[in-house]
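Report on one structure; see the data block that follows.
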There are 2 protein chains.
Amino acid sequence: MDKILDIDNIDLKIISLLNEDAKTPYTEIAKKVFVSSGTVHVRMKKLEDMGIVKSATLNIDFSKLGYDISAFLGIYLEKSSLYDNVIEKLKTISEVVSAYYTTGNYSIFAKIICRDTNHLRLVLDNIQKVDGIDRTETLIVLEESINRPIQFFDKEK
Amino acid sequence: MDKILDIDNIDLKIISLLNEDAKTPYTEIAKKVFVSSGTVHVRMKKLEDMGIVKSATLNIDFSKLGYDISAFLGIYLEKSSLYDNVIEKLKTISEVVSAYYTTGNYSIFAKIICRDTNHLRLVLDNIQKVDGIDRTETLIVLEESINRPIQFFDKEK
DNA sequence: TATTTATTTGGATTTAATCCAAATAGAGTT
DNA sequence: AACTCTATTTGGATTAAATCCAAATAAATA
């Protein structure tokens, strides 16, 4: 077992509520969880210190900011030992928002966000040029039908 | 063109800073952007009203909460016209955190987060049972090498 | 230039975060 | 069960931020 034992239902409820809206005042969270706001504060500090709550970010509608196209990339490497090198290169391409080592055919599975088809082409070109990358398969996102935080509360008692 | 014209560099800078840490006080943002905190407030209200900033969420280390396995699923449908129906069913499965309509072989591309391999099996079973789903391909995430917000600022002047 | 409209400012007010000493609860010991 | 030690919670006091708003400024229009 690990640190999960240090986390109780109060912690989970706090995280769960703040995960829906990270700007909810602790005073309001406190009411819903039936503790004082001081306790919410202490608990959140603990969760941050433990690295469970890493930060808070905005949920932005990128299409309204002109970023209209996102795509998943299945990347094939020449040799799978090149993984770390290629990841380092991908980190320098700001349009790459995530990259994973996964089971299955692909050596790397990544996601990119671009402004338009032209921009997408440029980014794909840049990625193809990276040393060690053999070829890529592109899954362009035409619709995002679900995108939500995980509900880790209310599963088990 | 669309509403992008209503957004200036001050807006972008504000979003960009808050996207790194959504809890940064507006007073601090104000200093960095060289406007008053009242202006930050007005701008954020505008951005929220426009639907550009939708909410703020926590960035949680799920593995530390016992959710150790995530996976991408390529889902094949019996008929692509079943898309909406299947999405509705997937929405009822809380482990499904995202689902997309994409180009390529898959009819639906989804992501799930599970506690362990057993839990993963249960969830995959549930998904297989959904009416209209033919078969699925599972890409299990073994490592998350990149995961970051898009940097939409500092691209063009 | 004059007039209208939109935006910013800075201070006044309300609200929340933060800190902390005291109170309480819990765990372990005899 | 009473006692001790430790950890957690509480609520209020203090500091800091959000929010609101009227006045000032800037920008747009005629």
Side-chain angles (χ1 to χ4, degrees), chain A residues 1-61 64-66 149 152-154 156-157, chain B residues 1-61 64-66 149 152-154 156-157:
Chain A
M1 292 288 167
D2 49 55
K3 299 182 179 179
I4 295 165
L5 296 181
D6 293 341
I7 304 299
D8 64 11
N9 272 351
I10 292 176
D11 294 311
L12 291 180
K13 196 121 191 246
I14 291 171
I15 300 178
S16 196
L17 288 166
L18 283 172
N19 204 27
E20 281 167 29
D21 179 3
K23 301 211 79 180
T24 313
Y26 287 1
T27 49
E28 199 176 313
I29 301 289
K31 277 180 216 154
K32 291 184 182 169
V33 184
F34 302 107
V35 293
S36 73
S37 69
T39 298
V40 176
H41 196 256
V42 170
R43 297 297 189 103
M44 278 302 288
K45 183 158 188 338
K46 178 189 74 175
L47 291 165
E48 284 162 8
D49 290 346
M50 288 173 80
I52 290 174
V53 172
K54 290 184 285 189
S55 64
T57 61
L58 298 183
N59 187 357
I60 295 165
D61 185 334
K64 288 194 175 142
L65 282 178
F152 45 84
F153 197 64
D154 270 343
E156 54 213 319
K157 168 44 220 259
Chain B
M1 293 287 168
D2 49 55
K3 298 183 180 177
I4 296 165
L5 296 180
D6 294 340
I7 304 299
D8 64 11
N9 271 351
I10 292 177
D11 294 312
L12 291 180
K13 197 124 190 243
I14 291 171
I15 299 178
S16 197
L17 288 167
L18 283 173
N19 203 27
E20 282 167 30
D21 178 4
K23 300 211 82 181
T24 314
Y26 287 0
T27 49
E28 198 176 315
I29 302 290
K31 276 181 215 154
K32 291 184 181 170
V33 185
F34 302 107
V35 293
S36 72
S37 69
T39 298
V40 176
H41 196 255
V42 170
R43 296 297 189 105
M44 278 302 289
K45 183 158 187 337
K46 178 188 76 176
L47 291 165
E48 284 162 7
D49 290 346
M50 288 172 81
I52 290 174
V53 173
K54 290 184 284 186
S55 64
T57 60
L58 299 182
N59 186 356
I60 294 166
D61 185 333
K64 289 194 176 143
L65 282 177
F152 45 83
F153 197 63
D154 270 344
E156 55 215 318
K157 168 38 224 254

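Hydrogens, waters and symmetry mates play no part in the numbers below; they use all other heavy atoms, side chains included. Remember, it's a predicted structure, so these values are computed and weren't measured experimentally. Lettering follows sequence order; numbering is per chain, from 1.
With B:Leu17 as the partner, the side chain to side chain contact (heavy atoms under 4.5 Å, CB included) test is satisfied by one option alone out of B:Thr24, B:Val33, B:Val40: B:Val33. Looking at A:Asp49, A:Asp6, A:Asp11 one by one, the single match for salt bridge (charged side-chain N to carboxylate O under 4.0 Å, His left out) with A:Arg43 turns out to be A:Asp11.
Base engagement by B:Thr39 is indicated by at least one non-hydrogen atom pair under 4.0 Å involving a base atom. At the heavy-atom level, A:Ser36 lies under 4.0 Å from base atoms of the strands shown.
In this structure, CG of B:Asp49 is placed 16 Å from P of C:dA6, rounded to the nearest angstrom. If you take CE of A:Met44 and P of C:dA16, they are 17 Å apart, rounded to a whole angstrom. With rounding to whole Å, B:Tyr26 atom OH is found 16 Å from C:dA17 atom C1'. The nearest whole Å value for the distance from the CG atom in A:Asp21 to the P atom in C:dA16 is 13 Å. Atom NZ of A:Lys31 is separated from atom C1' of D:dT9 by 19 Å (rounded to the nearest Å). Distance CD1 (B:Ile14) to C1' (C:dT8): 12 Å, rounded to an integer number of Å. Taking atom CD1 of residue B:Ile10 and atom C1' of nucleotide C:dT9, one finds them 13 Å apart after rounding to whole Å. Between the CD1 atom of B:Ile7 and the P atom of C:dT7 there is a distance of 12 Å, given to the nearest Å.
Between C:dA17 and A:His41, no contact under 4.0 Å exists linking OP1 or OP2 to a side-chain N or O.
Comparing A:Lys23 and A:Arg43 against DNA chain D, the residue whose closest nucleotide sits nearer the 5' end is A:Arg43. If A:Glu28 and A:Lys45 are placed on DNA chain C by their nearest nucleotide, the residue sitting closer to the 5' end is A:Glu28.
The shortest side-chain heavy-atom distance between A:Ile7 and A:Ile15 does not fall under the 4.5 Å cut-off.
Looking at the side chain of B:Thr27, the nearest of the listed nucleotides C:dT18, D:dT10, D:dA17 is D:dA17.
Residue A:Lys46 qualifies as enclosed at atom NZ: its count of foreign heavy atoms under 6.0 Å is above 12.
A distance of 8.0 Å separates CG of B:Asp21 from CD1 of B:Ile29, quoted to the nearest 0.5 Å.
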